[in-house]
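Structure, as structure tokens:
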Amino acid sequence: MHDPEAVERCLTDSFPAIRYGRSDPATFRVDVDAMAADRFSMVDLTWDVPGTAVTGSTGLTVVTVSGRFDGVHGRDTIDIRQPFLAPAEGLDATWEAHHATIVALDLIAVERIARAATGNDGLRIHPTGTAPLSPEAVAYWSATVRGIRHAMDATPDLFSHPMIAAANFHQLATAFLYAFPTNWLEAGDGRTGGSTVVRLAIDFMRAHVAEPITMTDVANAAFVSTRGLHAAFTRERGETPMQYLRRVRLDAVRADLLAGGADVTVAAVARRWGFAHLPHFAERYRRAFGERPSETLRR
């Protein structure tokens, strides 16, 4: 695109107040690759010329940048070495050539998932910062984005099916909630029973998902016995903590398989995420996703 206003229109859903400055219309050029599904969108932008912008996002928008880009929010400098959550307003950006990937999530739909997880029917999600919560959580977010984007590029027609779009949105929304700072993790603290126990356990499992952790490790992180951990999980989530951890790992495997690559093998990916017994892993994967892991890799 050679028209700054056209780029602004393309990004209106993610950045409704975006305005560009210091852009020479004679040399302005931006390559835009946008894909959208129900409740989320992904946009890749490649900038070949310098520019500036003042913007903000009224929704839930995550930006990943590579190249020469400086962002400031208030007194804080945005660390572009990792994805960041776009603030509602006041993001001042200056750049030379750079590439940006923008993932926008439907706020209302994310709130529905957060309410189900916390049991707080009145929960309203709002960001509390811009930097991701942990390296492990943002690695999971990035793998999820890569996998879903690869699937959208390879089989775009499938994302018109409501069930497929909904499943991928749920995976993105869950990864987002654990990777970026919002008020949702604190929303369950006022509940009775094991809600704090479950939240601490989930935080620990998400942060150490690729490590050979045991349920004793998880229980210790949640300051409870293994029996108390099991009881809290089954009461609040209808599944055991081990079932939850296995499901998170299976999601991570699927994201890596969808991302693919010339040297990727099912066995290597399975072992990376803690599945040592390949026949058992393959059967669990088939039950979870309705296809063999080798079929996912071939997409």
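- By the rule that hydrophobic residues join a cluster once side-chain heavy atoms approach within less than 4.5 Å of another member, V72 and V62 end up as members of separate clusters.
- In the hydrophobic cluster analysis, where Ile, Leu, Val, Met, Phe, Trp and Tyr join through side-chain heavy atoms closer than 4.5 angstrom, W184 is grouped apart from I108.
- With rounding to the nearest 0.5 angstrom, the CZ atom of R112 is 7.0 Å from the CG atom of D106.
- When all heavy atoms of D153 and P156 are compared, the closest pair comes out as O-CD, 3.7 Å.
- Taking both residues in full, the closest heavy atoms of L85 and P181 are given as CD2-O, 3.9 Å, listed atom of the first, atom of the second, then distance.
- Applying the salt bridge (Lys or Arg N to Asp or Glu O under 4.0 Å) criterion to D79, with sequence neighbours excluded, gives R81.
- Atom CG of D33 is separated from atom OG1 of T46 by 8.5 Å, given to the nearest 0.5 angstrom.
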Residues 164-177 side chain polar contacts: donor-acceptor under 3.5 Å, at least two apart:
{"from": "N168", "atom 1": "ND2", "to": "I164", "atom 2": "O", "distance (Å)": "2.8"}
{"from": "H170", "atom 1": "ND1", "to": "T174", "atom 2": "OG1", "distance (Å)": "3.4"}
{"from": "Q171", "atom 1": "NE2", "to": "D251", "atom 2": "O", "distance (Å)": "3.4"}
{"from": "T174", "atom 1": "OG1", "to": "H170", "atom 2": "O", "distance (Å)": "2.8"}

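- Within 6.0 Å of the NE2 atom in H280, the count of heavy atoms belonging to other residues, nucleotides or ligands does not exceed 12.
- For the ring pair (Phe, Tyr, Trp, His ring centres under 6.0 Å) condition, the pairs that include at least one residue of residues 126-155, sequence neighbours left out, are W141-F180.
- Taking R286 as the reference, E283 meet the side-chain contact (heavy atoms from CB on, under 4.5 Å) condition, with sequence neighbours excluded.
- Under the rule for a side-chain hydrogen bond (donor to acceptor under 3.5 Å, both in side chains), D70 has no partner lying at least two apart in sequence or in another chain.
- Closest non-hydrogen pair, A201 versus L229, comes out as CB-CD1, 3.6 Å.
- Note: the hydrophobic cluster containing L107 also contains L105 (ILVMFWY, side chain heavy atoms under 4.5 Å, direct or indirect links).
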Below 3.5 Å, can you tabulate the donor-acceptor pairs from side chains in residues 212-222 to any protein atom, sequence neighbours excluded?
{"from": "T214", "atom 1": "OG1", "to": "T216", "atom 2": "N", "distance (Å)": "3.4"}
{"from": "T214", "atom 1": "OG1", "to": "D217", "atom 2": "N", "distance (Å)": "3.2"}
{"from": "T214", "atom 1": "OG1", "to": "D217", "atom 2": "OD2", "distance (Å)": "3.2"}
{"from": "D217", "atom 1": "OD2", "to": "T214", "atom 2": "N", "distance (Å)": "2.9"}
{"from": "N220", "atom 1": "ND2", "to": "T216", "atom 2": "O", "distance (Å)": "3.2"}

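- Looking only at distances, a side-chain donor or acceptor of S160 sits under 3.5 Å from a matching main-chain atom of D157.
- Side-chain atoms of I125 and R115, non-hydrogen and from C-beta on, never get closer than 4.5 Å to each other.
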Show me the donor-acceptor pairs within less than 3.5 Å that the side chains of residues 265-273 make with the rest of the protein, sequence neighbours left out.
{"from": "T265", "atom 1": "OG1", "to": "A268", "atom 2": "N", "distance (Å)": "3.1"}
{"from": "R272", "atom 1": "NH1", "to": "D256", "atom 2": "OD2", "distance (Å)": "2.7"}
{"from": "W273", "atom 1": "NE1", "to": "D256", "atom 2": "OD2", "distance (Å)": "2.8"}

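- The shortest side-chain heavy-atom distance between V103 and T61 does not fall under the 4.5 Å cut-off.
- Of the possible polar contacts, none joining the E236 side chain to the F233 backbone as a donor-acceptor pair under 3.5 Å is found.
- Partners of T234 by side-chain hydrogen bond (donor to acceptor under 3.5 Å, both in side chains), not counting sequence neighbours: none found.
- The shortest distance between side-chain heavy atoms of V198 and R237 falls below 4.5 Å.
- For the pair F69 and T94, the minimum side-chain heavy-atom distance is 4.5 Å or more.
- Contacts of E295 classified as salt bridge (Lys or Arg N to Asp or Glu O under 4.0 Å), with partners at least two apart in sequence or in another chain: R292.
- Grouping the Ile, Leu, Val, Met, Phe, Trp and Tyr side chains by contacts below 4.5 angstrom, directly or via other members, places L60 with L123.
- For T296, the side-chain hydrogen bond (donor to acceptor under 3.5 Å, both in side chains) partners two or more places apart in sequence, or in a different chain, are R254, Y285, E291.
- Counting heavy atoms from C-beta outward, V63 and P83 have side chains that stay 4.5 Å or more apart.
- Side-chain contact between D31 and D44 is absent, with no heavy atoms from C-beta onward closer than 4.5 Å.
- The salt bridge (Lys or Arg N to Asp or Glu O under 4.0 Å) check on R146 picks up nothing, with sequence neighbours excluded.
- With rounding to the nearest 0.5 Å, the separation of NE2 in H208 from CG in L245 is 11.5 Å.
- We find the CE-CD1 distance between M205 and I202 to be 6.0 Å, quoted to the nearest 0.5 Å.
- Under the side-chain hydrogen bond (donor to acceptor under 3.5 Å, both in side chains) criterion, R206 pairs with Y244, not counting sequence neighbours.
- H99 is not listed as a side-chain neighbour of V65, based on a closest heavy-atom distance of 4.5 Å or more.
- Taking the centre of each ring, F281 and H277 stay at or above the 6.0 Å mark.
- The shortest distance between side-chain heavy atoms of R249 and V209 falls below 4.5 Å.
- In terms of heavy-atom proximity, M152 sits nearest to M35 at O-CE, 3.2 Å.
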| task | Go through the steps for L45 and V43 under the test side-chain contact (heavy atoms from CB on, under 4.5 Å), then give the verdict. | result | CA-CA 6 Å; L45 300 173; V43 180; 3.8 Å; yes
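- Considering OG1 of T155 and NE2 of H161, their distance stands at 9.5 Å, rounded to 0.5 Å.
- Shown here for L250 and R284, the closest heavy-atom pair between the two residues is CD1-O, 4.2 Å.
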